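Beneath this line is the structure, given in structure tokens, with notes to follow.
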Amino acid sequence: MMRQTDPTAEGEAGGRLRAATHADGPLLVLGAAGTGKSELLARRLAALAAGGTPPDRMLVIGARRATARRLRDRCEALLEGPYEELWVGDWDEIGERLLREHAEAAGLDPFFDVLGRAERLAVLLDRFDSLPLRRHEIRGNPAGLLARLLGRIDTLKSERIGPTTLAELAQRQAEEATDEAGHETARRELEFAELYTAHDQILAESGSLDRGDVFLALDCMLVERPDVRAAITARFAQVMVDELEESTPAERALLEGLAGDSPSQVLVLEASGEGDERGADKTDPGAGPATSRFTRERSPMALEAWYRDLHPNGDVVTLERRFRDPKLRFWKCANERAQAQATAREVEHLLAGGTGADDICVLLADPSHEGGAIAAAMEERGIPFHLAGPTALFQRAEVRDAIAWLRVLADPDDSAAAARALTRPPVELRPGDLARLTTIARRRKLDMVAGCEAALDSPQFQPEARERIQTFLKLYGTAAAAMEERRADVFVRRLIEAVGLRRQRLFAAQPEVAERLLGLSRLAELATAWARREPHGSTRGFVAYLAAVAEAGVEPTGGEEPPAPGAVVGLALGAVKGLGFDHVFALGLEGDAEWGRIGWPAREEMVLSRVTGAEAARPARAYAEALAASPDAVEEEHDEELFGPAEGLHATYRTLREQVLEASWRAGRELSEPRLDTAIDVNRAIARYLELLKLAALAQRPGEEATGDAIEAVNGLLRQVATPEQQAELDASSLDAYLLDSESERGRRLQLIAAREEPSLEAFLPRRGDGRLSLSASDLTLYLTCPLKYKFARVFGIPQEPTINQRFGILMHNVLERFHKEPPEEGDELRALNRLFEAGWRRGGFGDSDDEMQYRDRGREALRLYWERERLSDSEPVWLERKFDFKVADHHVRGRVDRVDRLIDGAFELIDYKTGERKTEEELDSDLQLALYRLAAREAWDIEAAYASYDYVLDAEKIPTPTRPDDAERVERTVVRVGEGVLSQDFEPRPSPGVCSWCDYRLVCPAAES
Ligand code: SF4
């Protein structure tokens, strides 16, 4: 019979002691976050070892790699006597170890490989054309789709649902379906079950398993081989599990299998008494209906019931005293940047006060999307920051440089990769020269590498630019030859050395540099692991694998590398549970992110922060509850700092320090291989160093001397040592102006510093013959979405291959235009539409992959529905693809309207065909495109359009947009704003998850990295 401990009778200390020394029989330890449950397990292991149980006869399982590592560290620290080996690890590690030891009994090849999601993604991508995926929308992104489907397979396996069971469930769903939508869902589910089967077969053929298979195989083995089960239970006198609430049904099946023979299981479960829904979020988004059981089974109440079923006579101890009682602070921030700046400022003060960087943690709902702002704010203050998460590796500048080189070597048509390789060290082609280069490549229809060769003969390039292009071509030529000859891992290491990506190793004593080096070595390790798996694979194969993994945001095998010592860590909120830091900043506590899962990670102070912006989200429940429970707390308000860190001198010193190192490295390279502008670069490097001296002097000046006077005094002394050339560099610098300027707009500091190096792009702005700026409707949208994206696309003109979505959109536009221009005989309309579509399909170079076939089916169906609507329509198309060009303020605005209809009452309607995503209500409300078309119709064609609509051809629906009295004024305001931005070359990036994830320039964009 189970005995419920009464903590009031036995006392907290008694319960804790009893749990720690509990020798035999099952025990469930319940306690809220921060009550020392994990520590209790480590103490228990030490106490039992002191009592004579050999440490290697105790199996201790933690939920995740990081928490298991901490548990292991604590066990090692507490153990006094010698031992052979410890069996302390996370579920994956322990499961694999057990299965490997008994591989033969499990009917497996003893050298089986356990593949992570990234490797399986690569394997499936290799066989993509043979996978059953007709009913799953690919939309030109096979890696993204497969990554989602692999996530679902993993969830199903963790629930012990195999492909056969899933197919049976789908079959039942099909039988019960009452409408076409229900049948289609069931058919898609059946197709997914087929994919699941194919996935498992592919793994089996290569002698590999995935993580889910490990536990399914262990489960089968324990049932079918009682002798092995007995051997395992005889070996482990004790089994201890931390964070039971994080385990999956498949993992818990191991405990079930061992329970009968080895009842000494001590299981730790977080139960805060805050309700059962906690922790119900581990399922992958996109998991189907069959996966909902998992969420139910993870609630504390369900897990306690599971324990009672497993061990009817088991004991239970409840821990109530919380050891962590951090001070709580509440922040209300104007926007994400304000929040990031406030965090970086606080972290800087903590570090200055002696707190170790490793004792500080920043929590984010999704580091891959929200990490950029905080990484940038930390960088501004020179704080070493390690952003953890599956895609963090691919957000690092050095890693992205290496990937850019790999991509352009594998495919010279990859213009974004070429642009990055050309503009980053060691080539550092100036922006204006990049724009000239892309113009040559586009005009002569060359890839960027061939464009470089052509540029060498062009008089447009100065000798310095030509030398830089030659440097690129030399490196490219050498690397391209080696790429064909060497194994991927050897090649990647050589490439890293050859393009000097490791050049900062000289300054590796600095934690932030050590962080970067870690990223590069991680990339080299990935290549090694890949080459081991694919001994006959080519480097191109590795590049394809790397690009797909980075694209799909999948964690590569081996998982996250530990941060370099001395770095503040940024974690996803789901990854912090079970860890402890002195100071924790929980950011973005608005909306419904799963904040209930973070446990109690702070020892001294925890900042709970939420953003209230234009898109003000309500505070997360966790925030509101904590605030309500802290009656004395006040919400601290934080606004964006317009001028970056207030402590200008120190922050500028750190920024400049980086520049001095870069400048001296560049000048040193040129001294070793002199060229025409070597002297300029050497003098520039010395001038930067003198500026650094100036800042150091100003920062340390005693007394209250005014900044202007102090600058003048230091300048006077520097004039005595600088040569005339160096003095000219110092005079041209805007550093003094910056230091004196306390009222400045956002980003001015960086702009001023950058402006010293970056020449104007004036000559590349899109102008008409009369010198006026020329903007199209899509240019306006592009600039408003992200000015930097506009710069890449329109100023640099980096060529991009159209995606399958874009090619399909062009085809549908062409078909509809031709159809209306040359109307077919009555009764032949639908056939004519199909003929036009088929002819365009063939000429458009579409193939017969599943993705393309899906587009074909959708296109044909869309045309059928289009004709259904058209047949019943009273209106008549009067113009098709009609162009306009008119002046707004001082700029030209151009474009074309897909179709203009005259309605039965004589009014005009402007129609824009759309084959992509639908606009939201909010977007329609502030729509610019159709408002611009209305104005264009009036100004350029002299007609008043009463209506304007988007025709969503694939959905067979036409959505009108409302006319507003201030439309013309709004369009004019926007054109003026964009025109001013372009003319003043304000190309500040505007990163946002929704836009950046589809941006073709992610690789070359500095804002997309951390
Ligand atoms: S990745 Fe994002 S920030 Fe960078 S250019 Fe593209 S849209 Fe702009």
Side-chain angles (χ1 to χ4, degrees), residues 140-141 143-144 335-337 340 364 366-380 387 389-401 403-404 407-408 414-424 431 434-435 438 448 547 550-553 613 615 640 746-747 750-751 754 758 761 764-766 775 778-803 805-806 916-917 923 928 977-978 981-982 984-1010:
N141 184 9
N335 54 37
E336 271 189 24
R337 188 167 156 80
L364 301 155
D366 181 355
S368 65
H369 285 157
E370 297 154 4
I374 182 74
M378 294 287 195
E379 174 107 35
E380 269 181 17
L387 189 62
T391 52
L393 179 70
F394 302 117
Q395 287 179 296
R396 303 219 173 124
E398 274 72 15
V399 172
R400 288 155 60 84
D401 287 343
I403 292 177
R407 271 177 41 178
V408 71
D414 190 335
S415 309
R420 185 172 183 108
L422 277 160
T423 49
R424 296 275 302 166
L434 177 68
T438 49
M448 292 280 275
E551 186 78 10
E615 297 151 25
E640 190 174 337
R746 173 186 160 186
L750 295 175
Q751 271 177 21
E758 186 160 334
L761 290 169
F764 305 98
L765 303 181
L775 295 166
S778 56
D779 286 351
L780 295 174
T781 314
L782 188 58
Y783 186 90
L784 293 172
T785 309
C786 174
L788 186 58
K789 192 172 177 186
Y790 173 90
K791 174 173 159 180
F792 289 139
R794 303 289 193 264
V795 181
F796 286 161
I798 299 174
Q800 283 301 326
E801 284 289 303
T803 61
N805 290 328
Q806 289 162 339
E917 292 279 299
E923 285 166 338
L928 182 77
R977 196 174 117 211
V978 172
V982 174
S984 65
Q985 298 178 39
D986 175 4
F987 299 123
E988 278 286 302
R990 201 167 296 152
S992 71
V995 178
C996 296
S997 51
W998 290 101
C999 178
D1000 291 330
Y1001 306 103
R1002 255 172 312 164
L1003 186 62
V1004 70
C1005 171
E1009 64 202 32
S1010 56

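Remember, it's a predicted structure, so these values are computed and weren't measured experimentally. All ligand and atom numbering here is 1-based and tracks the order in the structure.
Residues Arg977 and Leu784 come closest through the heavy atom pair NH2-CD2, 3.5 Å. Considering every non-hydrogen atom in both Tyr1001 and Lys789, the closest pair reads CD1-CG, 4.0 Å. Taking both residues in full, the closest heavy atoms of Ala340 and Ala377 are given as O-CB, 3.5 Å, listed atom of the first, atom of the second, then distance.
The backbone N or O of Pro799 sits less than 3.5 Å from a side-chain atom of Ser415, completing a donor-acceptor pair. Without hydrogens or angle criteria, Arg1002 side chain to Cys996 main chain gives a donor-acceptor distance under 3.5 Å.
If you check which protein heavy atom lies closest to atom 6 (Fe) of ligand 1, you get Cys999 SG, 2.4 Å. In terms of protein heavy-atom proximity, atom 7 (S) of ligand 1 is nearest to Val995 CG1, 3.6 Å. Of the protein's non-hydrogen atoms, the one nearest atom 8 (Fe) of ligand 1 is Cys786 SG, 2.3 Å. Looking only at protein heavy atoms, the nearest one to atom 2 (Fe) of ligand 1 is Cys996 SG, 2.3 Å.
At a threshold of 2.8 Å, atom 6 (Fe) of ligand 1 has no backbone or side-chain N, O or S atom of Cys1005 nearer than that distance.
Atoms of ligand 1 found under 4.0 Å from any heavy atom of Lys789 (numbered from 1 in listed order, with element): 5 (S).
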